[in-house]
Number of protein chains: 2
Amino acid sequence: MQNKIFELRKSAGLTQDMLAKKCKVSRQTINAIENDRYDPTLQLAFKIAVVLNTTVDNVFKK
Amino acid sequence: MQNKIFELRKSAGLTQDMLAKKCKVSRQTINAIENDRYDPTLQLAFKIAVVLNTTVDNVFKK
DNA sequence: TTAATATGTCAAAAGTTCTTTACATTTCCA
DNA sequence: TGGAAATGTAAAGAACTTTTGACATATTAA
């Protein structure tokens, strides 16, 4: 599912590793999601949205 | 994860089975999610939100 | 009350997410 | 240019979601 993690993450001045740590998942997980290799669980989607200071609907646009 | 599926579904005049069909999943899946036995995939969360005419963030509140 | 509809739940199987470890490539800046 | 930091990717396994089929209970309407 298409997402805006890259741009939102950059805007927040975070590396994949920093975002991963804030979400308490591995760097590879963030990388895979950012590059659309698979979708996160709903829980992780919410965590990412919170850390990036926005909504799930905004991060993952249909 | 807590959610408002029951009330939104009722407001929309839908049974679990009707909502399931609109989302193209089984009735048991909707039942399990509504009763918080497990969280849907992100894809299904979006589908549910669309069918219930609202956002993922509104359906699944943290 | 009876019949039909709606909901709750179980178990097994299939499919997906996420982790860890490991290594390759790219970017960037001193 | 060289070295460090950041990113991309792979494989195996643990954990979770969803399906199907089945049966029980609850609710509603005739």
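All values below were derived from every heavy atom in this structure, side-chain atoms included, with hydrogens, water molecules and symmetry-related copies excluded. Chain identifiers are assigned alphabetically (A, B, ...) following the order of the sequence lines, protein sequences preceding nucleic acid strands; residue numbering begins at 1 within each chain.
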In whole angstrom, give the distance that lies between atom [atom1] of [X] and atom [atom2] of [N].
| X | N | atom1 | atom2 | answer |
| --- | --- | --- | --- | --- |
| B/E34 | C/dT7 | CD | P | 7 Å |
| B/F6 | C/dT7 | CZ | P | 8 Å |
| B/K47 | D/dT18 | NZ | C1' | 16 Å |
| B/K24 | D/dT19 | NZ | C1' | 16 Å |
| B/K21 | C/dT7 | NZ | P | 12 Å |
| A/Q16 | C/dT25 | CD | P | 18 Å |
| A/L14 | D/dA5 | CG | C1' | 15 Å |
| A/L44 | D/dA15 | CG | P | 18 Å |

So which nucleotide from [options] ends up closest to the side chain of [X]?
| X | options | answer |
| --- | --- | --- |
| B/N31 | C/dT19, D/dG8, C/dG8 | C/dG8 |
| A/I33 | C/dG8, C/dC18, D/dT19 | C/dC18 |
| B/T15 | C/dG8, D/dT18, C/dA6 | C/dA6 |
| B/Y38 | D/dT17, C/dT7, C/dT19 | D/dT17 |
| B/Q28 | C/dC23, C/dC10, C/dC18 | C/dC10 |

Hey, does the side chain of [X] come within less than 4.0 Å of [N]'s phosphate (OP1/OP2), counting only N and O?
| X | N | result |
| --- | --- | --- |
| A/S26 | C/dT19 | yes |
| B/R37 | C/dT9 | yes |
| B/K10 | C/dT7 | yes |
| B/Q43 | D/dT17 | no |
| B/R27 | C/dT5 | no |

- State plainly whether one hydrophobic cluster holds both A/L44 and B/Y38, where clusters connect Ile, Leu, Val, Met, Phe, Trp and Tyr through side-chain heavy atoms under 4.5 angstrom apart. yes
Output yes when a side-chain donor or acceptor of [X] lies under 3.5 Å from a complementary backbone atom of [Y], and no otherwise.
| X | Y | result |
| --- | --- | --- |
| B/N31 | B/R27 | no |
| A/N3 | A/V59 | no |
| A/T29 | A/V25 | no |

- Task: Rounded to the nearest 0.5 Å, what's the gap from CG on B/L8 to CG on B/N53? Could you check?
- Result: 9.5 Å
- Message: For B/T41 and B/D17, find the nucleotide of DNA chain C closest to each by heavy atoms; which residue's nucleotide sits nearer the 5' end?
- Response: B/D17
